[in-house]
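Heads up: the structure comes next, in structure tokens.
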Number of protein chains: 2
Amino acid sequence: MVKRTSLAGDACPIARALDVFGDWWSLLIIRDASLGRRRFSEFQASLGLAKNILATRLRALVERGILKTVPASDGSAYQEYVLTPKGRGIFPILVALRQWSEEFDEHPDEIATILVDRENGKPVKKLALYSRDGRVLHAADTALKPRPATKRARRVVP
Amino acid sequence: MVKRTSLAGDACPIARALDVFGDWWSLLIIRDASLGRRRFSEFQASLGLAKNILATRLRALVERGILKTVPASDGSAYQEYVLTPKGRGIFPILVALRQWSEEFDEHPDEIATILVDRENGKPVKKLALYSRDGRVLHAADTALKPRPATKRARRVVP
DNA sequence: TTGTGTGGTTGCATTATTAAACCAGATACC
DNA sequence: GGTATCTGGTTTAATAATGCAACCACACAA
């Protein structure tokens, strides 16, 4: 069996996230969903991917709890795909990706849009990582520690 | 020619970022590099991917300015791969992915590590998006605006 | 100088992606 | 009511990417 590697059982949370939506199209579907696109045909027109791939991805994202299907909002018998809370939780990742391109892309003039505060139309701040006591942390200021054991795990009587 | 779709010319900065390191292995290589792994064999042992795939990915990441090769730090004639500033800029994306898994993974007990402040060993804060004036912004509080035209573009004399 | 480790490349089998054709049910049109 | 068209897919066949194992050149160690 020479299947594509799965990262599902990995202990690294980054790998685990990639296992859920780390393929070529899933994040773009999620981006579209967070922009308000809901219908199969909307995704297909926006992304220009083959319909069978879109169908596969939508099914996987629904299975994994990122999207859910709801009855169409226009009263027709069709269904729509909307983000679950778990799916909306991906928003910071999309913002981080966007800000990386804004900072490091070689042709930033080709970027069409900027992310702004809806209240006043001003660009948002750059994401930053903070310590408990409010200092900005860079990669070198951080470390990985083993996760403390969960208290809730109840021991089975032998 | 039925090639895999490229997102390089896309106007969306998220798509542009995914075009650079959005494939199955690149982000994991970058994660490893940011943990201090530098040698081909270290990446291969850590990730367990085929050597030809690793070679292809490393070459692509070097071409795209995420990694650069340097002489081995132990004085041998081999080379090592280290992150460029552009590569280190991916750190917030890794953090966002990690935090998403910490919050939404169905088996969080399988996550082995937590990210802490090196100063005091305490867990870092959750990434949050802020407005210019310091309010926390969620997806619904934001909007996309067309990017203002760049002033620096000089007109060619006709 | 013989042996071993590093850092790949090559070849082949398997899997994933793609485009295009097809299709059933829902909707719109007359 | 009957026909045409739209929506949301599935199926098929070709091409590209991935995975594994074998191989290989060079560095290094004994």
Side-chain angles (χ1 to χ4, degrees), chain A residues 1-10 15 18-29 32-33 36-64 67-82, chain B residues 1-10 15 18-29 32-33 36-64 67-82:
Chain A
M1 187 164 62
V2 191
K3 258 184 146 172
R4 178 186 201 138
T5 321
S6 164
L7 273 21
D10 205 291
L18 292 178
D19 195 67
V20 177
F21 53 81
D23 72 283
W24 199 250
W25 290 112
S26 292
L27 257 180
L28 295 173
I29 293 170
D32 271 19
R37 290 194 248 268
R38 307 162 67 97
R39 296 285 283 255
F40 187 96
S41 53
E42 285 184 289
F43 293 117
Q44 214 245 321
S46 159
L47 298 171
L49 83 174
K51 295 199 292 178
N52 52 350
I53 307 282
L54 177 57
T56 307
R57 291 298 183 278
L58 287 173
R59 203 178 308 134
L61 290 171
V62 169
E63 267 171 22
R64 291 161 181 188
L67 294 174
K68 66 181 171 191
T69 54
V70 299
S73 47
D74 61 359
S76 75
Y78 297 118
Q79 62 178 0
E80 299 182 341
Y81 297 89
V82 299
Chain B
M1 189 163 63
V2 191
K3 257 185 146 171
R4 180 189 196 128
T5 321
S6 164
L7 272 20
D10 204 291
L18 292 178
D19 195 67
V20 178
F21 54 81
D23 70 281
W24 200 252
W25 290 113
S26 292
L27 257 180
L28 295 173
I29 293 171
D32 271 18
R37 291 195 248 267
R38 306 161 69 96
R39 296 285 281 255
F40 187 96
S41 52
E42 285 184 289
F43 293 117
Q44 215 243 319
S46 159
L47 298 171
L49 83 173
K51 294 199 292 179
N52 52 349
I53 309 278
L54 177 57
T56 306
R57 291 299 182 278
L58 287 173
R59 203 179 307 133
L61 289 170
V62 169
E63 267 172 22
R64 291 161 180 187
L67 294 174
K68 66 180 170 191
T69 54
V70 299
S73 48
D74 61 358
S76 74
Y78 298 117
Q79 63 179 0
E80 299 182 342
Y81 297 89
V82 299

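Just so it is clear, the values below take in all heavy atoms, side chains as well, and ignore hydrogens, waters and symmetry mates. Chain letters run A, B, ... following the sequence lines, proteins first and then strands; every chain starts at 1.
- Along DNA chain C, the nucleotide nearest to A:Gly48 and the one nearest to A:Ala77 differ in position, and the one closer to the 5' end is contacted by A:Gly48.
- Shown for residues 54-61 of chain B: residues whose heavy atoms fall under 4.0 angstrom of DNA chain C, namely B:Ala55, B:Arg59.
- C:dT15 atom C1' lies 17 Å from atom CH2 of A:Trp24, rounded to whole Å.
- The phosphate of C:dG7 has OP1 or OP2 within less than 4.0 Å of a side-chain N or O from B:Arg39.
- In this structure, A:Asn52 places its CG atom 13 Å from C1' of D:dA14, rounding to the nearest Å.
- With distances taken from any side-chain atom of A:Lys51 to the nucleotides D:dG9, C:dG7, C:dT18, the minimum falls on D:dG9.
- The pair A:Arg39-A:Asp74 meets the salt-bridge criterion, with a side-chain N (NZ, NE, NH1 or NH2) lying under 4.0 Å from an Asp/Glu carboxylate O.
- Proximity of B:Ser41 to the phosphate of C:dG7: a side-chain N or O atom is located under 4.0 Å from OP1 or OP2.
- With B:Ser26 as the partner, the side chain to side chain contact (heavy atoms under 4.5 Å, CB included) test is satisfied by one option alone out of B:Leu67, B:Leu61, B:Leu18: B:Leu61.
- Side chains of B:Glu80 and B:Ser73: a donor on one and an acceptor on the other come within 3.5 Å.
- A donor-acceptor pair under 3.5 Å is formed between the side chain of A:Thr56 and the backbone N or O of A:Asn52.
- Atom-to-atom, CD of A:Gln79 to P of D:dG9 comes out at 5 Å; the value is rounded to the nearest Å.
- For the pair B:Gln44 CD and D:dC20 C1', the interatomic distance rounds to 11 Å; values are reported in whole Å.
- Remark: A:Arg64 engages no residue in a salt bridge (charged side-chain N to carboxylate O under 4.0 Å, His left out) (not counting sequence neighbours).
- Look at CG on A:Asp74: it is 11 Å from C1' on D:dT7, rounded to the nearest Å.
- When each of C:dT18, D:dG19, D:dC28 is scored by its nearest atom to the side-chain atoms of A:Ile53, the top-ranked nucleotide is C:dT18.
- B:Arg37 places a side-chain heavy atom less than 4.5 Å from the side chain of B:Ser46.
- Here A:Tyr78 does not reach the OP1 or OP2 of C:dA24: none of its side-chain N or O atoms lies under 4.0 Å away.
- Phosphate proximity of D:dA17 to B:Trp25: absent, as no side-chain N or O sits under 4.0 Å from OP1 or OP2.
- Looking at A:Gln44, its side chain never comes within 3.5 Å of a backbone N or O of A:Leu54 through a donor-acceptor pair.
- Residue-level contact check: A:Tyr81 touches the backbone only, with heavy atoms under 4.0 Å from sugar-phosphate atoms and none from bases.
- Legend: salt bridge (charged side-chain N to carboxylate O under 4.0 Å, His left out) pairs involving residues 42-58 of chain B, not counting sequence neighbours, sorted by first then second residue: B:Asp23-B:Arg57.
- Separating the CD1 atom of A:Ile29 from the C1' atom of C:dT17 is a distance of 14 Å, rounded to the nearest angstrom.
- D:dT7 atom C1' lies 16 Å from atom CZ of A:Arg38, rounded to whole Å.
- In this model, the phosphate group of C:dT18 is approached by a side-chain N or O of B:Thr5 to a distance below 4.0 Å at OP1 or OP2.
- Put simply, CG on A:Leu49 is 10 Å from P on C:dT17, counting in whole angstrom units.
- Nearest to the side chain of A:Ala50, among C:dG5, C:dT9, C:dA19, sits C:dA19.
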